[in-house]
There are 2 protein chains.
Amino acid sequence: MLTDRQLLILKVIVDEFIRSGHPVGSRTLSKKEDITFSSATIRNEMADLEELGFIEKTHISSGRVPSQKGYRYYVDHLLPPVRLTSEDIQTIQSIFHEQIYELEKLIQKSAQILSDLTNYTTVVLGPSVKEHKLKTIQIIPLNAETAVAIIVTDTGYVEKHVVTLPPSIAPSDVEKMVNILNERLTGVPLDELTNKIQTEVAHIFREHIENYDYMLRMLASSLDLNAPAQMFLSGKMNMLRQPEFSDIDKLRALFNIIEQEKEFYRLLRKHNQQGIQVKIGTENDVEGMENCSLITATYSVGGEKLGTIAVLGPTRMEYSRVISLLNLVATDLSKALTMWYQKD
Amino acid sequence: MLTDRQLLILKVIVDEFIRSGHPVGSRTLSKKEDITFSSATIRNEMADLEELGFIEKTHISSGRVPSQKGYRYYVDHLLPPVRLTSEDIQTIQSIFHEQIYELEKLIQKSAQILSDLTNYTTVVLGPSVKEHKLKTIQIIPLNAETAVAIIVTDTGYVEKHVVTLPPSIAPSDVEKMVNILNERLTGVPLDELTNKIQTEVAHIFREHIENYDYMLRMLASSLDLNAPAQMFLSGKMNMLRQPEFSDIDKLRALFNIIEQEKEFYRLLRKHNQQGIQVKIGTENDVEGMENCSLITATYSVGGEKLGTIAVLGPTRMEYSRVISLLNLVATDLSKALTMWYQKD
DNA sequence: TTTAGCACTCGCTTTATTAGAGTGCTAACA
DNA sequence: TGTTAGCACTCTAATAAAGCGAGTGCTAAA
């Protein structure tokens, strides 16, 4: 539908606008090396491209700016193949060459490096803990009334809850309880714990433990992991550098969304298939993100999706570079995690 | 040195400037209810106050603005006694009436409520974990190579480290080790752990544990709590509302400081005596905080300082209100914590 | 000592002016 | 028929000029 020349012009407009941030005029365009025809010709073509909705004017006699549709087309069909500099590659691989033993740290580091390299904001949705398998439960009494319940998973994830104990409970009962729990529940995925306790543990408790009812309720409440999945954010402040957010009100609107985290959680969860996904402007379907694009990738272990890693920037984003970087980080992260999980 | 009338004028200028954010002129002042004399008189007095350095002009024919010295005098001698609204008081006390069993949550909540009520940023320096006493150490093997070491203190604080085990170690040895550690170290403050291990535990290890050397080093590294004390921040984005930071560059400078956390840590640590402390502008001695004031208070248990809670805002801050709120929160937090600790 | 009055100073807002970048259209050219 | 040069026109952004208003300092009178 679009001629080669139109495609060329569209591509150069987007490239140039991403580079400079200013609307692109026909004269500027005609001076680009790839362009062999005159500014008048370009003007004609631009009029067509505008009619088709790929580019827009900011005012009647201004240069052109890519529309959302234009960005979409650019991302889908015109992305220049960007080779990352070896510096970038090295920076990224350096984190994965270090021996890092903590999942959270590794993820946090990935997010940080990505936001540093892109100058945008990075969001990572951590692996859902629900599928991790219980390694051990410990209940450690702190004083007469309270104890801290600690759950450790096979991935090294640790969660703690401070709980109140019934005043009458015997220390030996707590110990007995913990033993029963570990005996029965080790290896069970966290999201099945509550169930399993009801079906398999409850009746044993009933036999052996005083106050079993109270204890069961306590367990249920502290095992009910309301924390859905950890979210890691890095480079929030990079948004301050983007000229599209030099307006303090827009900035505030955006930060509101970022700080809420809820929306992001939804957006990142949506991404289910493998590979890179680019959502431009209103495609995100979040009020206040009309001027933002979100590029997401999943990371996985042995083909099974673990979480999502994403870069948030203005629609005028360096798509090509960000996609390449994100791809690399996601791949390396997946590799690192696969190694990690294989140790079991 | 200052006449009563000058004091009155200074006070009204500061109050009015804090309220409106605009330089205060003699005519505006003369209309205030407390003021019984004419604008010309005020002009004369203002000239004197300016000469003494308490107020400044933003330009030659502008109204007056408090200087840093002016704020200082105001805070030291002219603070209007503010009675908090009962709403404010209720809001604050509501958090402390709930039963909250986790120290971190309680502190985080205090910070949040304070930033919500003041519309400024709140920083809390958590209790230094170093003085907490060890309740138990657990080492939970995850797979052949790694284990997670968990430290629990008498306050319910939990810290974890993923560690590598030497391939040759026997599970029974790990168990033995943990037993020895708990036997010898329970009740020892965290910052003495390393020491105690060297003096009391090392030789026992030597007798009973293979690879004792490696294990000791591992323990040392995972017990060396480089985390000095947790810092909780709340309401960072409130700074976006302050007109003094409508300039994006100033905003960025400030956020840089806030995100670094290092400076704050230093500032909050400095505050050692009891009571409220107000640091205005350059008194903070941090580049980029010339336009900010920091109001700090300590919270404590039984008279012993545990941590610091602070509100950061522009020099044009509602000192009176913030001081009252901070005072209340710090007091209530101390009470709540005293209750908490008494349970032992 | 206080106050009224007045000349004067600036910052801020509005209005004009201009330069520059860009467009659309037309007519001529290959 | 597609391409290009040329031209009139539009609009922004930057700069200058003008007027308003809030405020000052000084003087002289009460």
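So you know, we letter chains A, B, ... as the sequences are listed, proteins then strands, and number each from 1.
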Atom NE2 of His22(A) to atom P of dT12(D): distance rounded to whole Å?
16 Å

Please check if the number of heavy atoms outside Asp4(B) that lie under 6.0 Å from its CG is greater than 12.
no

Touch class at under 4.0 angstrom, heavy-atom based, for Ser39(A) against every strand present
nothing

Find the distance Arg43(B):CZ to dA7(C):P and express it as a whole number of Å.
14 Å

Whether Lys69(A) engages the ring of Phe54(A) as a cation-pi pair (distance to the six-membered ring centre under 6.0 angstrom, angle to the ring normal within 45°) should be assessed.
yes

Check the distance between dT3(C)'s P and Leu29(B)'s CG and give it to me in whole angstrom.
14 Å

Scan Thr41(B) against the nucleic acid and name what it touches under 4.0 Å (heavy atoms): base, sugar-phosphate only, or nothing.
base

Just compare dT3(C), dT4(D), dC11(D) and give me whichever is closest to any side-chain atom of His59(A).
dC11(D)

Among the nucleotides dT23(C), dT10(D), dT24(D), which one has an atom lying closest to any side-chain atom of Met46(B)?
dT24(D)

With a 4.0 Å limit, can you tell me whether Arg64(A) has a side-chain N or O closer than that to the phosphate oxygens OP1/OP2 of dG24(C)?
yes

For His271(A) and Thr296(A), test the side chains for any donor-to-acceptor distance below 3.5 angstrom and give the result as yes or no.
yes

N/O (side chain, Ser61(A)) to phosphate O (OP1/OP2, dC9(D)) under 4.0 Å
no

So, does Thr28(A) get its side chain near the phosphate of dG22(C), meaning an N or O under 4.0 Å from OP1 or OP2?
yes

I want to check one thing: is the phosphate of dT12(D), taken as OP1 and OP2, less than 4.0 Å away from some side-chain N or O of Thr58(A)?
no

Could you check which of dA4(C), dA5(D), dG25(D) has an atom nearest any side-chain atom of Ala40(A)?
dA5(D)

Any chance the side chains of Gln68(A) and Thr282(A) put a donor and an acceptor closer than 3.5 Å?
yes

Which nucleotide, dT3(D), dT24(D), dG24(C), lies nearest any side-chain atom of Arg5(A)?
dT3(D)

So, is Lys57(B) close to the dG25(D) phosphate, meaning a side-chain N or O under 4.0 Å from OP1 or OP2?
yes

Without decimals, in angstroms, what is the distance between Ile60(A) CD1 and dA13(D) P?
15 Å

Nearest whole angstrom, please: distance from the P of dG2(D) to the CG of Asp4(A).
16 Å

Could you label the plane-to-plane angle of the Tyr71(A) and Phe17(A) rings as parallel, tilted or perpendicular, counting under 30° as parallel and over 60° as perpendicular?
tilted

Nearest whole Å is fine: how far is dA22(D) P from Ile42(B) CD1?
16 Å

Would you mind telling me which residue lines up with the more 5' stretch of DNA chain C, Asn44(A) or Thr36(B), judged by nearest nucleotide?
Thr36(B)

Expressed in angstrom and rounded to an integer, what is the separation of Leu49(A) atom CG from dG22(C) atom P?
17 Å

What I want to check is whether an N or O donor and acceptor connect the side chain of Arg27(A) with the base of dG22(C) at under 3.5 Å.
no

Please find the pair of heavy atoms, one from Ser115(B) and one from Tyr120(B), that lie closest to each other, and give the distance.
CB-O, 3.3 Å

Please give, in whole Å, the distance from dC29(C) C1' to Phe37(A) CZ?
19 Å

